[in-house]
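Below is one structure, written out as structure tokens, with a few remarks after it.
Hydrogens, waters and symmetry mates are skipped; everything else that's a heavy atom, side chains included, is used. For the single chain, residues carry numbers from 1 onward in sequence order.
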Amino acid sequence: MPGMTEHDPTARAYAVRLDREDPLASFRERFVIDDPELVYLDGNSLGRLPLATRDRIERLTAQWGSELAAAWDSWLDAPARVGDALAEAALGARPGEAIACDSTTVNLFKLASAALELAPPDVRAIVTDAGNFPTDRYVLDGLARARGLELRLIEEDPIDGPQPADIEDACRAGDVALVSLSQVAYRSGALADVEAINRAAAPARVLWDLSHSAGAVPVELERRGVELAVGCTYKYLNAGPGAPAYLYAREALQPQLDNPIQGWFGQREQFEMGRAYDPVPGVRRFLGGTPPIAGLLAVEEGVRITGEAGIVALYAKSQALTGLIVELHDAWLAPLGFELGSPREAERRGGHVSVRHPDAWPITRALIERAKVIPDFRGPDSIRLGPAPLYTRFTDVHDALDRLRSLVEDGAHREVDASRRAVT
Ligand SMILES: *Cc1c(COP(=O)(O)O)cnc(C)c1O
């Protein structure tokens, strides 16, 4: 009786039907999946390995082995080439506006420094939210201290994230040099209203961190009038551990921005080995030293798959996947003492959902050790469930939540070793 399961999200048949109707279903075959039983819901922390990336890295090692330094001719433009691919497939930006390099942490430092150099002399503060990703807060704190500025932390709503009104309050005195925020909050998954926040911050510039949004939601930097952004590639873009990050600077602003790390890869006519630093005019001036080629090629492959699937289709599936998590939370987890730690409305969330429980840490351990489900834990009480629309099936979400509720019902989380690990 197919009609009967249609409106019952707790029925496995409902998830089976969604998988059958999923236009992106075949993309799962393009990833390494060693254990079909394992449900991986941590793609928002480290995406899966694409088969094409494994081949590409193998070809790179062969090229390195045979061509040696002569291969630099084909490697030299990788940061700009990969930046352009990112701009098109994931960022909604134009060619020449993004470059792949360094880590998100380093890129945040470079762009924040460049933006602070442009701020009027009477400014006193940098604004971010208390719940922003730690490395973002640490970098901004260091910059504020070095420049004698105040780091003004917004105490945002833990579920909805920073709102335009919060930013307006923080910038009211007109003394703010820079606002830096994440488009999607790493803990709750709240999706920020980028355009309204940019307006609320003005005239202060806003630097966006896209680490948890690129590859999951349409970022649309051009259309939204974003000036500055950074983000990482190893989450929804599947580029692998420590793969280079990217930075974006709107074309009109680029000539005014100075890279605080004056490296030779940002230099005009680099191999003239000129005496004085004379940076190229475009976004390439934000390159520092020799780029990590293996990582860049992995970014290129990850971004290619995202581009083929299309960010609009990925976002639609992501909203459906997280929507199923919310429905199953309400039906199965809420009666067991869980609370939703993410916005309920699909248009206010990014690609992951947090569920909160006082025993979140032992439950996370039990999921990994006894139920073949990999989420991650974010203290004090959140279990993050990050379905990746390129390879997570609706039945994966169904099975993961089913295993989660039965292990809590059975008290299995009281039997695991609950000592903390180095990585959670
Ligand atoms: C993942 C993430 C980072 C990671 O920064 P790294 O320099 O790659 O370690 C930074 N900011 C946000 C918001 C993130 O989600």
Testing the basics here: between [X] and [Y], what is the closest heavy-atom pair and its distance to 0.1 Å?
X	Y	value
Ser342	Ser354	OG-N, 2.7 Å
Ala216	Ser318	O-CB, 4.2 Å
Ser180	Leu108	OG-CD1, 3.9 Å
Pro362	Val416	O-CG2, 3.6 Å

Who are the side chain to side chain donor-acceptor pair (under 3.5 Å) partners of [X], not counting sequence neighbours?
X	value
Arg370	Glu415
Thr322	Arg349
Arg187	none

Review point. Any donor-acceptor pair under 3.5 Å linking the side chain of Glu195 with the backbone of Gly225?
Key: no
Point to revise | Non-neighbouring partners of Phe133 that pass ring-ring contact (aromatic ring centres under 6.0 Å, His included), sequence neighbours left out | key: Tyr186
Review point. Which residues pass the ring-ring contact (aromatic ring centres under 6.0 Å, His included) test with Trp264, sequence neighbours left out?
Key: Phe271
To the nearest 0.5 Å, how far apart are [atom1] in [X] and [atom2] in [Y]?
X	Y	atom1	atom2	value
Leu143	Leu149	CG	CG	9.0 Å
Ile167	Arg172	CD1	CZ	12.0 Å
Arg384	Thr364	CZ	OG1	10.5 Å
Leu333	Glu339	CG	CD	12.0 Å
Leu257	Glu227	CG	CD	8.5 Å
Leu207	Leu111	CG	CG	6.0 Å

Exercise for review: Starting from the C-alpha separation in whole Å, work towards a yes-or-no answer on side-chain contact (heavy atoms from CB on, under 4.5 Å) for Ile374 and Leu41.
Suggested key: CA-CA 5 Å; Ile374 304 197; Leu41 295 180; over 6 Å; no
Revision key, fill the gap. Asp157 meets the side chain to side chain contact (heavy atoms under 4.5 Å, CB included) criterion, sequence neighbours left out, with Ile159, Asp160
ring-ring contact (aromatic ring centres under 6.0 Å, His included) contacts in which one or both residues fall within [range], not counting sequence neighbours:
range	result
residues 26-55	Phe31-Tyr391
residues 401-420	none
residues 209-239	His212-His352

Under 3.5 Å side-chain donor-acceptor pair for [X] and [Y]:
X	Y	answer
Ser213	Gln183	yes
Gln63	Trp75	yes
Thr128	Asn132	yes

Point to revise | Charged N-O contact under 4.0 Å between Arg250 and Glu222 | key: yes
Check your understanding: Less than 4.0 Å between a side-chain N and a carboxylate O, is that true for Arg378 and Asp376?
Key -> yes
Review point. Which class fits the ring pair His357 and Phe338: parallel under 30°, tilted 30 to 60°, perpendicular over 60°?
Key: tilted
**Study point:** salt bridge (Lys or Arg N to Asp or Glu O under 4.0 Å) partners for Arg414, two or more places apart
**Key:** none
For a quick test of your reading: what N or O donor-acceptor pairs under 3.5 Å do the side chains of residues 306-315 make, sequence neighbours left out?
residue, atom, partner, partner atom, Å
Thr306, OG1, Gly302, O, 3.4
Glu308, OE1, Arg30, NH1, 2.8
Glu308, OE1, Arg30, NH2, 3.1
Glu308, OE2, Arg30, NH2, 3.3
Tyr315, OH, Gln319, NE2, 3.1

Practice item. Please report the C-alpha distance between Trp208 and Asn198 in whole Å, then the side-chain angles of each, then the deciding distance to 0.1 Å, and finally whether the side chain to side chain donor-acceptor pair (under 3.5 Å) criterion is met. Key: CA-CA 10 Å; Trp208 287 97; Asn198 283 345; 3.0 Å; yes
Point to revise | Pairs satisfying salt bridge (charged side-chain N to carboxylate O under 4.0 Å, His left out), at least one member in residues 128-143, at least two apart | key: Asp141-Arg145
